[in-house]
Every structure is written in C-alpha cells, then in structure tokens.
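Just the heavy atoms: all of them, side chains too, but no hydrogens, waters or symmetry mates, feed the values below. First the proteins, then the strands, lettered A, B, ... as listed; each starts at 1.
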There are 4 protein chains.
Amino acid sequence: MLHDDQDAREDHAVGGIAADRLRSIIERVERLEEERKALSGDIKDIFSEAKSAGFDVKVIRQIIRIRKQEPAEVEELETLLQIYKRALGM
Amino acid sequence: MLHDDQDAREDHAVGGIAADRLRSIIERVERLEEERKALSGDIKDIFSEAKSAGFDVKVIRQIIRIRKQEPAEVEELETLLQIYKRALGM
Amino acid sequence: MLHDDQDAREDHAVGGIAADRLRSIIERVERLEEERKALSGDIKDIFSEAKSAGFDVKVIRQIIRIRKQEPAEVEELETLLQIYKRALGM
Amino acid sequence: MLHDDQDAREDHAVGGIAADRLRSIIERVERLEEERKALSGDIKDIFSEAKSAGFDVKVIRQIIRIRKQEPAEVEELETLLQIYKRALGM
DNA sequence: CGTGCTACAGCATAGC
DNA sequence: GCTATGCTGTAGCACG
C-alpha cells in the first residue's frame with residue numbers, strides 16, 4: 001500500500017539514518033556543553049581560591065573584562081578615525 | 001632598617017608574591033574562558049551542520065533542554081501552564 | 001582653486017547642515033532607546049508584582065509567548081518536536 | 001466541610017480573583033511590549049531616513065554605542081584607581 | 001533567499 | 001530570600 005510505503009519510508013528516515021544523525025548531533029552538543037560547564041566550574045574554583053587568598057573577586061572580574069575590551073577599544077578608535085576622515089571627505 | 005623592611009615587604013606584596021598570584025589567577029581564568037569560547041564555537045558548528053542536514057535547530061535545542069530537565073520538573077511546569085491557561089479560558 | 005573649493009564645501013558639510021542632520025538622527029535614536037528602556041523597566045516591574053502575588057513568572061512568560069504565536073506555528077513546532085522525540089526513542 | 005471550603009477557595013482563586021489578576025498582568029505586559037515594539041519601529045525608521053540621507057548606519061550605531069559606553073568607562077577608570085590603591089595598601 | 005551579525009531579553013547563579 | 005550580574009539563546013537586521 002502506498003500509504004504504508006510512505007509511512008515505512010518516513011519511519012525509515014526517522015528511525016534509521018536521519019535518526020542516527022540526529023542522535024549524533026544531540027550527543028555531541030551535550031558532550032561539548034558538559035565540557036563547557038566543567039570549564040565554568042574550573043573558573044569558579046579559581047575565583048574561590050582568589051577569594052580565599054583575600055582578593056576581591058568582583059574587581060578581578062572587572063580587570064579581566066577591561067583586558068578583553070582593550071583590543072575592541074583600539075578598533076573603536078580606529079573606526080572613529082575613519083568616521084572623521086569620512087566626514088571630512090578624505 | 002625597619003622602615004625599609006616594611007617598604008620591602010609592601011613592595012614585595014605588590015611586585016612579588018601577591019602580584020604574581022593575582023597575575024596567575026587572571027591568566028588562568030582568561031585561558032579557561034578562551035577554551036570555553038572555543039567549545040561554544042564547536043557547538044555552533046554542529047548546529048550549522050545540523051541545519052545543513054535539514055534539521056530544525058530550534059527544535060533540537062528544545063530537545064536538549066528537555067533531556068537536561070528532570071521529568072518531574074517538566075511535568076510540573078506543564079501542569080502549571082495548563083492551570084494558567086484554564087484560568088484565562090485558553 | 002578647485003581644491004580649496006572642495007575643502008570649503010566639505011567643511012560646510014561637516015560643520016553645517018549634514019552635521020546637524022547627523023546630530024539630530026543620533027539624538028532622536030537615543031531618546032527613543034531611552035523610552036524603550038523605560039518600558040522594559042515597566043515590564044520588569046509587572047513581573048515583580050506577579051511574583052509577589054505568587055505567580056510563576058516563567059510560566060506567565062510562556063503564556064505570553066504562546067499568545068503571540070500563530071496557533072498553526074505552535075502546532076508545527078510541537079509536531080516536529082514529537083517526530084524528533086520519536087526518532088530518539090524518547 | 002473544610003475540604004470543600006478549601007476547594008471552593010482554591011477554585012475561586014483560579015477562576016475568580018486570581019484569574020483576573022493574572023489576566024491583568026498578562027495584558028499589561030502585552031501592551032507594554034507592543035509599545036516597545038513600536039519604538040523599535042520608530043528607531044528603524046530613523047535609520048532608514050539616515051541611510052537615505054547618505055549616512056552610514058553602521059557607523060552611526062557605533063557612535064551611539066560609544067556615547068553610551070563613555071560614562072561606564074569613567075566608572076571603570078575610577079574602579080581601576082581603587083584597585084591600584086588597594087594593591088598598594090593605601 | 002539565506003546567512004551572519006548584532007543586540008536584546010530571559011535565565012541561572014552568586015552574593016548580600 | 002531577593003537583588004544584581006553575567007551568560008546564553010533568540011530574534012531582528014543588514015548584507016550577499
């Protein structure tokens with residue numbers, strides 16, 4: 001029967017190759033997310049250690065943030081330079 | 001001299017052990033954040049692959065979310081949702 | 001000189017009409033963004049009120065989301081979710 | 001009966017007062033979200049106008065972003081000053 | 001039309 | 001327990 005054949009093909013697509021593919025995708029993502037979570041845990045541990053050593057965690061976070069932003073700021077300045085050049089028709 | 005010793009100790013605290021400790025903390029965190037960012041990139045790549053293979057990424061995300069939750073929790077939210085819907089005549 | 005004329009015209013463009021136009025654009029956008037931010041604050045306040053009244057904010061958000069979507073769309077995503085779940089034997 | 005009374009009160013809570021409260025919350029949020037969306041539309045219109053006038057929208061966005069960040073940067077510098085004072089035991 | 005990017009909102013967590 | 005903050009996910013927008 002056509003209808004059954006369609007179902008069979010669809011089921012196959014779902015239960016066979018594509019399902020394997022889907023499962024693979026999901027499991028790989030879940031694995032990577034676990035690793036990512038583990039790294040977050042490691043980071044958290046370091047901050048705990050820092051706190052125990054008497055550092056101000058909030059301030060350390062800010063330093064890290066600033067260190068990250070600096071390259072961006074360089075780029076921003078560069079862009080602003082371009083803006084002004086453009087405004088001057090250079 | 002005591003004063004010099006104090007200065008030495010203070011300088012030491014800033015330029016030596018504590019400063020080194022601080023630097024170590026910051027660099028380790030930065031390193032871990034980089035790794036974490038790399039993992040996020042990997043995850044993104046898998047979703048791109050999934051999309052190319054014809055899967056609906058949003059739905060896959062939803063499945064991963066569900067798999068992460070406790071079944072009881074899912075049930076509870078669902079129940080509450082039904083209650084609210086009823087209250088609104090939906 | 002042609003070059004001076006160009007400079008003159010360009011300077012005018014920067015210091016005169018175009019610059020004013022640019023300033024106007026920026027200030028109008030900033031004003032609208034402020035208003036938008038204020039509305040976000042109002043929304044947040046309502047959710048705080050809801051929480052205080054014993055409602056589950058997350059569920060309320062979900063209801064609002066559902067009400068925004070086309071019923072057909074909801075159905076479609078749900079169907080796809082079921083297909084994927086079946087494929088995974090969930 | 002106490003049990004019935006409880007049920008009555010609970011039912012009332014769902015179908016009566018609380019339901020009204022819930023509906024009110026939802027409708028107010030939806031209204032505010034609409035207004036917010038309208039503002040986003042207005043902003044978009046201004047950018048369209050800017051583009052038509054020959055401005056580079058991306059650059060304008062960046063200028064707005066920078067104008068927003070500047071106060072934050074002042075605060076960051078202040079915080080850094082505190083950090084260094086702290087590092088020096090002042 | 002699709003794809004990548006930016007920016008915004010929601011969620012979770014950690015600190016007070 | 002609530003508030004504040006940072007991270008993640010989603011959605012809208014610009015570009016090819």
Novice: For a 4.5 angstrom cut-off between non-hydrogen side-chain atoms, does A:Lys68 reach A:Arg65?
Specialist: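 Not in contact.
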
Novice: Anything under 3.5 Å between a donor and an acceptor, one on a side chain of residues 72-83 of chain A, the other on a protein residue two or more places apart or in another chain? List them.
Specialist:
{"unit_1": "A:Glu78", "atom_1": "OE2", "unit_2": "A:Gln82", "atom_2": "NE2", "d": "3.1"}
{"unit_1": "A:Thr79", "atom_1": "OG1", "unit_2": "A:Glu75", "atom_2": "O", "d": "2.9"}

Novice: Identify the pairs formed between an N or O of the protein and an N or O of nucleotides 10-14 of chain F at a distance under 3.5 Å, and give each distance.
Specialist:
{"unit_1": "F:dT10", "atom_1": "OP1", "unit_2": "B:Arg65", "atom_2": "NH2", "d": "3.1"}
{"unit_1": "F:dT10", "atom_1": "OP2", "unit_2": "B:Arg61", "atom_2": "NE", "d": "2.8"}
{"unit_1": "F:dA11", "atom_1": "OP1", "unit_2": "B:Lys58", "atom_2": "NZ", "d": "3.4"}

Novice: Quickly work out the C:Ile43 CD1 to E:dC11 P distance and round it to whole Å.
Specialist: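 Distance, rounded to whole Å: 13 Å.
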
Novice: For atom CZ of C:Arg67, is the number of surrounding heavy atoms from other residues, nucleotides or ligands below 6.0 Å larger than 12?
Specialist: yes

Novice: Pairs of donor and acceptor atoms involving the side chains of residues 45-56 of chain B, under 3.5 Å and at least two apart or interchain, shall be tabulated with distances.
Specialist:
{"unit_1": "B:Ser48", "atom_1": "OG", "unit_2": "B:Lys44", "atom_2": "O", "d": "3.2"}
{"unit_1": "B:Glu49", "atom_1": "OE1", "unit_2": "A:Arg28", "atom_2": "NH1", "d": "3.2"}
{"unit_1": "B:Glu49", "atom_1": "OE1", "unit_2": "A:Arg28", "atom_2": "NH2", "d": "3.3"}
{"unit_1": "B:Glu49", "atom_1": "OE2", "unit_2": "A:Arg28", "atom_2": "NH2", "d": "2.8"}
{"unit_1": "B:Ser52", "atom_1": "OG", "unit_2": "B:Ser48", "atom_2": "O", "d": "3.1"}
{"unit_1": "B:Asp56", "atom_1": "OD1", "unit_2": "B:Lys58", "atom_2": "N", "d": "3.0"}
{"unit_1": "B:Asp56", "atom_1": "OD1", "unit_2": "B:Val59", "atom_2": "N", "d": "3.1"}

Novice: Once you round to the nearest 0.5 Å, how far does CZ of B:Arg23 lie from CD1 of A:Ile63?
Specialist: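 With rounding to 0.5 Å, CZ (B:Arg23) is 10.5 Å from CD1 (A:Ile63).
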
Novice: OP1 or OP2 of E:dC8 sitting under 4.0 Å from any side-chain N/O of C:Arg36?
Specialist: yes

Novice: Whole Å only: how far is the CG atom of C:Asp56 from the P atom of E:dC11?
Specialist: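 That distance rounds to 10 Å.
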
Novice: Just the rounded figure in Å: distance from P of F:dT8 to CG of B:Asp42.
Specialist: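 So the CG-P distance, B:Asp42 to F:dT8, works out to 14 Å.
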
Novice: Calculate the interatomic distance between B:Leu39 atom CG and F:dC7 atom P; express it in whole Å.
Specialist: 15 Å

Novice: Starting from P on F:dT5, measure out to CD1 on A:Ile64 and report it in whole angstrom.
Specialist: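 Whole-Å distance recorded here is 17 Å.
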
Novice: Report yes if some heavy atom in the side chain of C:Ile66 is under 4.5 Å from a heavy atom in the side chain of B:Lys85; otherwise report no.
Specialist: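 Counting from C-beta outward, C:Ile66 and B:Lys85 do come under 4.5 Å.
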
Novice: Quickly work out the C:Glu49 CD to F:dT3 C1' distance and round it to whole Å.
Specialist: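 So the two atoms are 18 Å apart, to the nearest Å.
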
Novice: Rounded to whole Å, please give me the gap between CD in B:Glu70 and P in E:dA12.
Specialist: 14 Å

